[in-house]
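So the structure is just underneath, and the comments pick up after that.
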Amino acid sequence: MSRDTIADIITSIRNAEIHTKGTIRIVSTNITENIVKILLREGFIENMRKHRKSDKYFFISTLQHRKNRQKPYIRNLKQISRPGLRIYSNYQRIPRILGGGGVVILSTSRGIMTDREARLEGIGGEILCYIW
């Protein structure tokens with residue numbers, strides 16, 4: 001595990017897609033909990049449960065699969081902000097992924113939220129990642 005928890009989430013989802021695994025295990029932090037809740041709410045993962053192993057907590061999540069196929073529903077993930085380069089945007093310039101078909105996850109002053117929620121509340125923030 002590295003210090004970049006968002007990169008860990010993206011890497012574990014990509015690895016699960018490549019190896020056609022249905023479940024992923026993510027280390028539990030406040031940021032990962034909020035991102036996994038957004039993925040659950042947006043329909044990219046089916047379920048989430050918190051698991052404890054010795055003194056560490058993990059999230060065990062099941063990826064959402066396309067109907068009649070074994071491949072996961074998530075087609076692509078892209079990390080935008082990194083620890084060495086933070087990317088910020090106001091609410092008017094938050095990008096739309098695939099004309100609104102994708103999701104932009106932002107870290108705002110009111111917590112981690114999607115691009116749609118940030119536009120409705122009229123706040124900008126750090127762009128964490130794109131998912132489509």
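Everything quoted here is computed from the prediction, not taken from an experiment.
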Inset, instruction - Check I127 against S89 and note the closest heavy-atom contact, atom names and distance. - result: CD1-CB, 3.7 Å
Inset, instruction - Looking only at non-hydrogen atoms, find the nearest pair between W132 and L98 and report the distance. - result: CD1-CD1, 3.5 Å
Legend entry - Atom CZ of R82: over 12 foreign heavy atoms under 6.0 Å: no
Legend entry - Test item: S12 and I26 side chains (from C-beta on) under 4.5 Å apart, heavy atoms: yes
Legend entry - Approximate separation, where rounding is to 0.5 Å, of I31 CD1 and I9 CD1: 8.5 Å
Inset, instruction - Compare all side-chain heavy atoms of I123 with those of M113 and state whether any distance is below 4.5 angstrom. - result: yes
Inset, instruction - Answer yes or no: is there a side-chain heavy-atom contact under 4.5 Å between I13 and I24? - result: yes
Inset, instruction - Check whether any side-chain heavy atom of Y88 lies under 4.5 Å from a side-chain heavy atom of S81, and answer yes or no. - result: no
Inset, instruction - Scan T114, V104, L77 and name whichever one has a side-chain contact (heavy atoms from CB on, under 4.5 Å) with I131. - result: L77
Inset, instruction - Evaluate whether atom CZ of R96 has more than 12 neighbouring non-hydrogen atoms of other residues, nucleotides or ligands under 6.0 angstrom away. - result: no
Legend entry - 4.5 Å side-chain heavy-atom contact, D4 and Q79: yes
Inset, instruction - Kindly check if the number of other-residue, nucleotide or ligand heavy atoms within 6.0 Å of CD1 (I60) is above 12? - result: yes
Legend entry - Minimum-distance pair of heavy atoms, taken over all atoms of I10 and C129: CD1-CB, 4.0 Å
Inset, instruction - Would you indicate whether N30, at its atom CG, is surrounded by more than 12 heavy atoms from other residues, nucleotides or ligands within a distance under 6.0 Å? - result: no
Legend entry - Side-chain donor or acceptor of T11 paired with backbone N/O of D8 under 3.5 Å: no
Inset, instruction - List the atom of A118, the atom of Y91, and the distance in Å for their closest heavy-atom pair. - result: O-CB, 4.1 Å
Inset, instruction - Examine K50 relative to Y57 and say whether NZ or CZ is less than 6.0 Å from the centre of the six-membered ring and inside a 45° cone about the ring axis. - result: yes
Inset, instruction - Indicate, with yes or no, if V36 and I6 share a hydrophobic cluster defined by side-chain heavy-atom contacts under 4.5 Å among Ile, Leu, Val, Met, Phe, Trp and Tyr. - result: yes
Legend entry - Residue pair G125 / L106: nearest heavy atoms and the distance that separates them: O-CD2, 4.1 Å
Inset, instruction - Write down the atom of E42, the atom of V103, and the distance for their closest heavy-atom approach. - result: OE1-CG2, 3.7 Å
Legend entry - I112 side chain near I105 side chain, heavy-atom distance below 4.5 Å: yes
Inset, instruction - Return yes if some donor-acceptor pair links the side-chain N/O of R119 with the main-chain N/O of I94 below 3.5 Å, else return no. - result: yes
Legend entry - Pairing of E121 and R116 as salt bridge, 4.0 angstrom limit: no
Inset, instruction - Tell me whether Y130 is reachable from L85 by hopping between hydrophobic residues (I, L, V, M, F, W, Y) whose side-chain heavy atoms are closer than 4.5 Å. - result: yes
Inset, instruction - Evaluate the side-chain proximity of F58 to V27: yes if any heavy-atom separation is below 4.5 Å, no if none is. - result: yes
Inset, instruction - State, with a plain yes or no, whether a side-chain heavy atom of R49 is found less than 4.5 Å away from one of F59. - result: no
